[in-house]
Amino acid sequence: MEIVRLSTLDDWADTVAARFTARLAARPAPRLCLATGNTPLPLYDRCVAAVRAGAASFRDAEAFLLDEFGGVPREAEGRCEQMLRRALIDQVDLPAARFHTIDTDAADLEAICRQYEAAVGTLDLTLLGIGTNGHIGMNEPGAPPDSLTRRVDLSDETQRSATHYFGGRHTPTWGVTAGMATVLRSREIWLLATGSSKAAILRRLMTEPVSPLLPASLLRQHPRCILFCDDAAAAELPPAPPRPA
Ligand code: PGA
């Protein structure tokens, strides 16, 4: 796993956004899987500004929501779809039909999961946040490495942090997530982590053995995974080995 460490949150957002918009331009029809949560927000802000300035475009992209909460009202502000629409999708030039959401209200969830899995195919780039327990998407500790898109129960820790997305009005207990295998199939993966609340989990990520008990650690075996972090999140990482002379 390559580590790109930026000193401030502003540097982080500028750098990740510049690389992201370059990726958008580099492929004729980039297939993206996009995380929600708080971490990507400054990145999405920069992307919106770049599109408005005519410096980037989602015109030819295909975007998949990484995960979605279940059992909460469809219009609730903390639903992943709503968060991503507000932060990015409704403000850029992505054609509406190419934003793929996950309908957790459907009667036949297994069919929804199968359809999502088939539509995702091979992603070009997946953006992930990391939970303080090492989850990626809603793949909680213990998620099988060969798991596909499926319904999952959320850990107590994840439920506690998720309730903030809903202004404390709802506490989701389950969701549907792209699976570990779905994510690991992506040609490229960017793991995003900022702020001191992520320092301890990044230390665990880089120092503990690769194990499904720490889902993000599986990313260390991916050939093209980059961790983008700021100094606050990187504070407990072991020092980088010296560069060869
Ligand atoms: P956050 O969530 O970006 O809001 O910290 C990350 C996650 O739980 O995946």
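Only this structure's heavy atoms are used, side chains among them; waters, hydrogens and symmetry mates stay out. Just follow the structure's listing: the first ligand is 1, and inside any ligand the first atom is 1.
Remark: Arg74 engages Asp103 in a salt bridge, criterion side-chain N to carboxylate O under 4.0 Å. The pair Asp90-Arg85 counts as a salt bridge, with a side-chain nitrogen and a carboxylate oxygen less than 4.0 angstrom apart.
Of the N or O atoms in Thr36, none lie within a sub-3.5 Å distance of an N or O in ligand 1.
Looking only at heavy atoms of the protein, atom 7 (C) of ligand 1 is closest to His135 NE2, 3.3 Å. Of the protein's heavy atoms, Ile130 O, 3.6 Å lies nearest to atom 6 (C) of ligand 1. Looking from atom 3 (O) of ligand 1 to the surrounding protein, the closest heavy atom is Thr39 OG1, 2.5 Å.
The CE atom of Met138 sits 4.0 Å away from the CG atom of Asp67 when rounded to the nearest 0.5 Å.
Contacts between Thr158 and ligand 1 below 4.0 angstrom, taking non-hydrogen atoms only, are absent altogether.
Numbered from 1 in the order shown, with element, the atoms of ligand 1 that lie under 4.0 Å from a heavy atom of Lys198 read 1 (P), 5 (O), 6 (C). Atoms of ligand 1 found under 4.0 Å from any heavy atom of Tyr165, numbered from 1 in the order shown, are 1 (P), 2 (O), 4 (O).
Residues Val16 and Leu84 share a single hydrophobic cluster, defined by chaining ILVMFWY side chains whose heavy atoms lie under 4.5 Å apart.
The 12-atom threshold is exceeded at CZ of Arg86, counting heavy atoms of other residues, nucleotides or ligands nearer than 6.0 Å.
Side chains of Asp14 and Arg46 form a contact here, defined as non-hydrogen atoms less than 4.5 Å apart.
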